[in-house]
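Inspection log for the structure reproduced underneath, given as structure tokens.
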Amino acid sequence: MCYSKEDMSAVAAGKSTMDVEKIRADFPILQQKVHGHDLIYFDNAATSQKPRAVIDALVHYYEKDNANVHRGIHELSNRASAAYEATRARTAKFINARSVDEIVFTRGTTEAINLVASSWGRRFLNAGDKVLLTEMEHHSNIVPWQILAEKIGIQLVYLPVTGDRGLLDLTRLDEWLTRDIKLFALTHISNTLGTVNPIADLCARARRLGITTLVDAAQSAGHRPLDVQEIGCDFLALSSHKMCGPTGVGVLYGRLELLEKMDPYQGGGDMISSVDYFRSTWNKVPHKFEAGTPNIGDVIAFHTAMDYLDQIGRDKIAAHDLELSAYAYERLLELKGIRLFGPEKGRAGLVSFLLKDVHAHDVVTFADQRGVALRGGHHCNQPLMKKLGVESTTRASFYFYNTEAEVDRFVEVLKEIQSFFGA
Ligand SMILES: Cc1ncc(COP(=O)(O)O)c(C=O)c1O
């Protein structure tokens, strides 16, 4: 398995040094019982839990500073605008963007990718142009391109995944990443397989051929250091809610010169410079892409989430993910009739599997009765499921507040499920 330099540094070797018990005390939601059992929250790839500091930031905003941004000249509006723009600067620092103007707030990764498909795609792609995706993409990095294909006739091409081990088939990359590709849009970490793609290497290969790149960082942004300059991508998308922040906030990073050439995504207040009855001119980047009243309070609380993650240390979070998923993978191998998906080593913080003769939904329903929150289904990866020849998998996805003891309990519950179903 070949990892890029930034991945290697992210997954620092050795035991992580986090005090997980102390960290868990920051998360009020983890202190509860579900169906009479201590909650084990293993659905972090869907959404993460929020620390007290983020919840407090939201409450503080609504109790003290709530006002619309960029409009008023009164004290509250000034405070809200300053805090909203401070989050933009914090985000630029978090992913090492060259300029704060390269940060566009969206509702999430999905909207960020739709924005690129709509504003960049319609401007720069023509009928017959090829967009390269991979077979492990989330629906949100497939469907926007399909919609564009229907509208303007672009062609979608998929870089293959190598079966259950779930790696990109990089031995044949030259066959796929060719000069006639206009955009390479791919995920950094697979939400179903736990594969960590060598994103900087792939973006460098694409750049050498003059291909624009988009990285879906939904599963990586809160789990490891992320540096857009080191990765060398043109666009990158992430979601606050998967990284201890509120729902309804996402980020599109775009290289400034590209954002400046793109058309607006939506029309309305704030994104304009001037409006006439028949013609308007646009605000400067990034405001050109933020029409209407944004999700102010949640954006502001996202600032606190990034501070919180950096206080813990994203390198430590990456090491913890690596250790916990390796431990879970090992323990799952004890189960008879289990089919595991994704790489054996160097996986992100999740495991995905099928138990022979037990449907994934039955596993999840049974586990829920024991207080274990899992996810069963296609995980918004229907084409990948088809490729793997399955309808669904069960997924346990971890974060830095999860422990080996929780993994032990989870394996115990799976054994109970197998004996209940006579599997
Ligand atoms: C890899 C990947 N991309 C994109 C998304 C979509 O993120 P959101 O629903 O926050 O827009 C997800 C969500 O699970 C994901 O795992």
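What you see below is based on every heavy atom in this structure, not just the backbone, and it leaves out hydrogens, waters and symmetry mates. Order of listing sets the numbers, starting from 1, for every ligand and every atom in it.
- Minimum heavy-atom separation, Pro264 to Lys288: CB-O, 3.9 Å.
- Only the side chain of His241 comes within 4.0 Å of ligand 1, judged by heavy-atom distances.
- With distances taken over non-hydrogen atoms, the option nearest atom 12 (C) of ligand 1 out of Glu137, Arg107, His138 is His138.
- Contact between Lys242 and ligand 1 is present, with at least one heavy atom of the residue lying under 4.0 Å from the ligand.
- Within a 6.0 Å radius of CD in Glu391, other residues, nucleotides and ligands contribute 12 heavy atoms or fewer.
- Taking the six-membered ring where tryptophan is involved, the planes of Tyr308 and Phe400 are tilted, since the angle between them lies from 30° to 60°.
- Heavy-atom contacts of Asn191 reach the following atoms of ligand 1: 1 (C), 16 (O) (cutoff under 4.0 Å).
- What sits closest to atom 1 (C) of ligand 1 on the protein, heavy atoms only, is Asp216 OD2, 3.5 Å.
- Proximity of the aromatic rings of Phe398 and His320 is defined here by a centroid distance below 6.0 angstrom, and this criterion is not met.
- Not close to ligand 1: His139, with no non-hydrogen atom less than 4.0 angstrom away.
- For the salt bridge (charged side-chain N to carboxylate O under 4.0 Å, His left out) criterion with Asp310, the lone passing option out of Arg90, Lys316, Lys93 is Arg90.
- The aromatic rings of His359 and His361 sit tilted relative to each other, their planes meeting at an angle between 30° and 60°.
- Of all the atoms in ligand 1, the ones that sit under 4.0 Å from a non-hydrogen atom of Thr110 are 6 (C), 7 (O), 8 (P), 9 (O), 11 (O).
- Heavy-atom proximity to Ser140, at under 4.0 Å, picks out these atoms of ligand 1: 3 (N), 4 (C), 5 (C), 6 (C).
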Assess whether side-chain contact (heavy atoms from CB on, under 4.5 Å) is satisfied between Met136 and Thr192, documenting all intermediate values.
CA-CA 8 Å; Met136 64 172 76; Thr192 289; over 6 Å; no

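- A 6.0 Å sphere centred on CD of Gln266 holds more than 12 heavy atoms belonging to other residues, nucleotides or ligands.
- Closest heavy-atom approach to atom 7 (O) of ligand 1 within the set Ala46, Ala217, Ser239, Ala112: this belongs to Ser239.
- Within ligand 1, counting atoms from 1 as listed, the ones closer than 4.0 Å to a heavy atom of Thr109 are 4 (C), 7 (O), 11 (O).
- Ligand 1 places these atoms under 4.0 Å from at least one heavy atom of Gln219: 1 (C), 14 (O), 15 (C), 16 (O).
- Interface of Ala218 with ligand 1, defined as ligand atoms under 4.0 Å from a residue heavy atom, comprises 2 (C), 3 (N), 4 (C), 5 (C), 12 (C), 15 (C).
- Of all atoms in ligand 1, numbered sequentially from 1 with element shown, those under 4.0 Å from a heavy atom of Thr187 are 1 (C).
- Counted within 6.0 Å of CZ on Arg24, heavy atoms from surrounding residues, nucleotides or ligands total more than 12; the atom is thus considered enclosed.
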